[in-house]
Amino acid sequence: MHDAYGVIPIVQKLPPGLSIETISAYDDYLLVGTKSGTLLLYQLIPTDKPGPKPGLFHYEVKLLRSNKSFSKKSITQLQVIPEFQMLICLADSQVTAFDLSQMGLQPIVTLQKTKGAHYFTVSVQKLKSLTGEVKVSFRLCVAVKKKLQLYYWKPKDAKFLEFDQDLSLRDVPRTIVWCGESLCIGYKSEYSLMKVTGDPKDLFPTGGKQQEPLIALLSDNQLAVGSDEQTILIDSEGNPTLKYSIKWSEVPIALVHDSPYLIAVLPNSVEVRPIEPRIHVQSIDLQKAKTIVTSKRGAVFVASNSDVWLLHAVNFPEQITQLLSQKQFELALHMAEMTYESELEKQQLVQRIENLNAFYLFCKQNFKEAMDLFVKLETDPSHVIGLFPNLLPDEFRSSLEYPDRVPNLQENELENGLLALTDYLIEVRHRLKSDNTGNVPTMTAIMEAGKTKFRSKKQLLQIIDTTLLKCYLQTNDALVASLLRVKDNYCHIDESERALKHHQKYSELIILYNKKGMHRKALELLMRQAKKPDSPLKGHERTIQYLQHLGVEHVDLIFEFAKWVLKEHPEDGLKIFAEDLAETENLPRPQVLSYLSETEQDLVIPYLEFIIHKWKEDNNIFHNTLVNKYCEKILNLLAEYKNSLPEGHPPAPAGQEPGELGELRTKLLRFLEDSKYYTVERFATYMMNKGLYEEGAVVLGKLGRHEDALTIYIHILQNFAKAENYCRKNYNKDKPGNQDVYLILLKLYLPSAENQKVNIPAIGYIPPPEPDVDRAINILKQYAEEIDSFKALSILPPVIPVNSVKNFLECVLHKIQTRKYEVQLKKVPSICGTSAGSS
């Protein structure tokens, strides 16, 4: 409670024989109508003397007029219309209008039709035209028994004109208030709403305790309607405008609205309550009061039978100070909006009150409402964050000022508060990021004298993101990683690092280091945590993944931290350099090859195989190196293999050896066949010298030295099937060097009259085996189409029976006949052409 009004006596104990029946007031004037028909007019003149209380004036009360013969009977009702300087009076059951501008209160008009009237109500409407001119209209409703007479004032003619017809009621009204285009009517036991067009709408009962219906007009086209101890607010259509009713200590006798308050006359006091919030502001001890009217805002007159008091509002700044001390912020805000200060001063006052309101909402643990208000007010986020423990550095937090002691939140209270703070920070962050101006927004402090802490948007975003991280760690740690992965997160490195370490969030710490480019710290942490069995980073997989995505600009760092993985887990470690990822594929391959050659020799072959087969590497350096590495390893394994064989037991053909040796030779043979990028010339002699005859034969074939290659298959390896297969692979009738591979094979099977020994480069002369005429004949039979007939016939020995080469000879004759036929066909067109020309 606080003192909203001070009481100033205006009329004290009227002379005997005078009893107050009704009052009306405007500006600094008071009119009093008595039961005997006397009309009294008072003027209130402010003086320099101190008022009865701080914030109140002292008035000199002057009786301007006392008209004892104003009416022969009781003055029932008075209503001043200041806009038209008019007084409407109901006396002797008739309505009369008087001119207030005349000292003698001259009658303007007496409405004869209103004879028998017992109540009236007025409606003053102000409408602004398109030109900005304000027009005032005035309407009058008079109740005569069960009829309502409607009039409107026509200033030009200085007279009242009636509406088309009167409105009929179902009972005699006790009170009427005109609101918009509706008339709210109070009967003895219920309320009704009637449009000026005559359409009625029943509302609700008056209540069981209330002796008379009670209606008061509010601003904004609203009505306050009494029902026992409650007052219900409705609009001009009869719809409730508040979800709740206003409750009084007793059943009101009279009611008036003086924004922001409703003031009710109760049997033993006058009570003051705001429409919102639902609080009791003040009780004023005024005995036997019975009626109440307003003059202007902040001036309310209350009358008993013999006395009149002025309830003068304490000035708003004084009231606001009282309200803030009582933490009644909602009412203080209403009042701040009504002050007569400049717009800027009013805005600053409202902002200060709302910040205080938000602070105390926080103290009452209404966290969401508090945070919503902080967002609306654009309060400095550091002041909001400082309301919570352990979110700001101690030195920073201690520099912040608050209106009161900040509550020490614990457990569930703290968690609920942090959840609301999280939503607040996300909203503030969104607003900052959406503002592309680059300017720091204007922010307010919770305390009026407090200062905001930031000079740049980046600083502001840094504290917001860092605090968000800390909130997530305490409320929903699953969201920490997603925050850190945000491309433009502004988390403060040192603060975030401490918080993550405190909560042992090492995986998230790796993300922080990565996003901030602190790759060495990340890799050192991964290496330390790899061997801890209870760590989320245990094992080597996370290090591999991290190194895979560093890229070429960090190749030295990759080489440095790949060593421990390659040493302990070489096969998995190879993925650092050989995985189908863009960053890995773009690493400098010569450097990687050199690094692996020095660090982990066994990974060179798998690395080369990957880049050649998967990434289609065509640089001859890598192809040559792979051939070399295959040969080196094969030779070592081959030596061991031959030593392991029982004496006299021949080794298996190339590629058919057991285990790794067989696999490697198969790979090498296939690679030598398929690759186009190794340097063929350098390997032929090398392989023959090392005894890798089959591999050498493949290389010789690549060089086009088919006779040497086939000599190896037949004379050294004695693998006739592979010799034929070699011919099938290399034969090409349109390629000069490859046309006669079958002829060479045939020649090698027949007796040679040229030399007794065969000379093979890198091997030298070897004695030829015995001629194999049967194989030669089979070659002639099987590949007759691929062998030059005349060359073959020229090398066939005379000892071969004709019957053995019958098929071959038939094939030769067929070829000759075919060629002859083709030649004849070519000559026909030229002959025909000559004949046509001569004719």
Side-chain angles (χ1 to χ4, degrees), residues 1-12 23 25-30 42 44-61 216 218-219 224 246 248-249 252 254-266 268-287 289 292-303 307-342 345-346 348-350 352-354 356-357 360 448:
M1 296 177 64
H2 77 279
D3 289 340
Y5 293 89
V7 181
I8 302 174
I10 302 299
V11 178
Q12 293 180 291
I23 60 173
Y26 68 102
D27 296 334
D28 292 322
Y29 296 93
L30 170 69
Y42 296 91
L44 280 64
I45 304 171
T47 69
D48 294 333
K49 295 180 182 179
K53 285 187 178 182
L56 296 180
F57 294 105
H58 177 272
Y59 288 98
E60 176 188 343
V61 181
L218 311 183
S219 58
I246 296 165
W248 307 94
S249 303
L255 184 68
V256 76
H257 178 237
D258 182 39
S259 185
Y261 300 114
L262 280 177
I263 306 171
V265 176
L266 307 182
N268 298 302
S269 65
V270 172
E271 199 164 276
V272 181
R273 291 179 181 270
I275 294 174
E276 292 183 288
R278 300 172 68 183
I279 60 171
H280 176 204
V281 169
Q282 187 179 10
S283 288
I284 302 170
D285 184 15
L286 292 178
Q287 295 293 324
I292 186 168
V293 297
T294 58
S295 167
K296 55 187 175 182
R297 195 174 76 181
V300 179
F301 291 92
V302 180
D307 300 279
V308 180
W309 302 273
L310 170 63
L311 303 186
H312 192 287
V314 175
N315 65 57
F316 283 176
E318 178 70 26
Q319 286 196 61
I320 289 170
T321 300
Q322 293 184 60
L323 289 168
L324 293 181
S325 68
Q326 297 172 19
K327 302 179 178 57
Q328 294 292 347
F329 302 105
E330 188 176 351
L331 184 54
L333 282 172
H334 286 315
M335 203 156 283
E337 296 284 1
M338 297 167 60
T339 60
Y340 294 106
E341 309 292 343
S342 68
E345 291 173 324
K346 187 183 293 187
Q348 291 172 342
L349 176 60
V350 168
R352 179 169 73 91
I353 295 170
E354 287 191 318
L356 291 173
N357 186 23
Y360 283 104
E448 187 176 16

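Residue numbers count from 1 along this sequence.
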Rounded to the nearest 0.5 Å, how far does CD of Gln282 lie from NE2 of His2?
7.0 Å
Measure the shortest side-chain to side-chain distance between Val265 and Leu255 over non-hydrogen atoms and say whether it is less than 4.5 angstrom.
no
Are Ile263 and Val300 close enough that some pair of their side-chain heavy atoms sits under 4.5 Å apart?
yes
Let me confirm one number: the NZ-OH distance from Lys296 to Tyr26, rounded to the nearest 0.5 Å.
12.0 Å
Do the side chain of Lys346 and the main chain of Glu337 share a donor and acceptor less than 3.5 angstrom apart?
yes
Asp27 backbone acceptor or donor facing Ser295 side chain under 3.5 Å
yes
Heavy atoms, side chains only, cut-off 4.5 Å: are Val293 and Val256 in contact?
no
Pick one: which of Ile10, Ile45, Val308 meets side-chain contact (heavy atoms from CB on, under 4.5 Å) with Val61?
Ile10
If we only count heavy atoms from C-beta on, is the Leu30 to Phe301 side-chain gap below 4.5 Å?
yes
Side-chain donor-acceptor contact under 3.5 Å, Glu345 with Ser342:
yes
Kindly compute the distance separating CD1 (Ile284) from CG (Leu311), expressed to the nearest 0.5 Å.
4.5 Å
Is there side-chain contact between Pro317 and Gln319, with at least one heavy-atom pair below 4.5 Å?
no
With sequence neighbours excluded, tell me which residues meet side-chain hydrogen bond (donor to acceptor under 3.5 Å, both in side chains) with Arg278.
none
When every non-hydrogen atom of Glu318 is compared with those of Asn315, the smallest separation belongs to N-OD1, 2.9 Å
Rounded to the nearest 0.5 Å, how far does CG of Leu218 lie from CG of Leu262?
6.0 Å
Would a 4.5 Å heavy-atom cut-off, applied to side chains only, mark Ile8 and Trp309 as touching?
no
Is there side-chain contact between Val281 and Arg273, with heavy atoms separated by less than 4.5 Å?
no
After noting the C-alpha distance and the side-chain angles of Leu323 and Ile353, does the key distance pass the side chain to side chain contact (heavy atoms under 4.5 Å, CB included) rule?
CA-CA 10 Å; Leu323 289 168; Ile353 295 170; over 6 Å; no
So do the side chains of Ser259 and Met338 get within less than 4.5 Å of each other, counting heavy atoms only?
yes
State, without any angle test, whether Tyr5 and Asp258 hold a side-chain donor-acceptor pair at a distance under 3.5 Å.
yes
Considering residues, nucleotides and ligands other than Tyr29, do more than 12 of their heavy atoms fall under 6.0 Å from its OH?
no
Can a donor-acceptor pair be found, under 3.5 Å and without considering hydrogens, that links the side chain of Ser269 to the backbone of Leu266?
no
Show me the side-chain donor-acceptor pairs of residues 326-336 shorter than 3.5 Å, one per line, residues at least two apart or across chains.
residue, atom, partner, partner atom, Å
Gln326, OE1, Met1, N, 3.3
Gln326, NE2, Met1, O, 2.5

Just how far is it from atom CD1 of Ile246 to atom CD of Glu271, taken to the nearest 0.5 Å?
11.0 Å
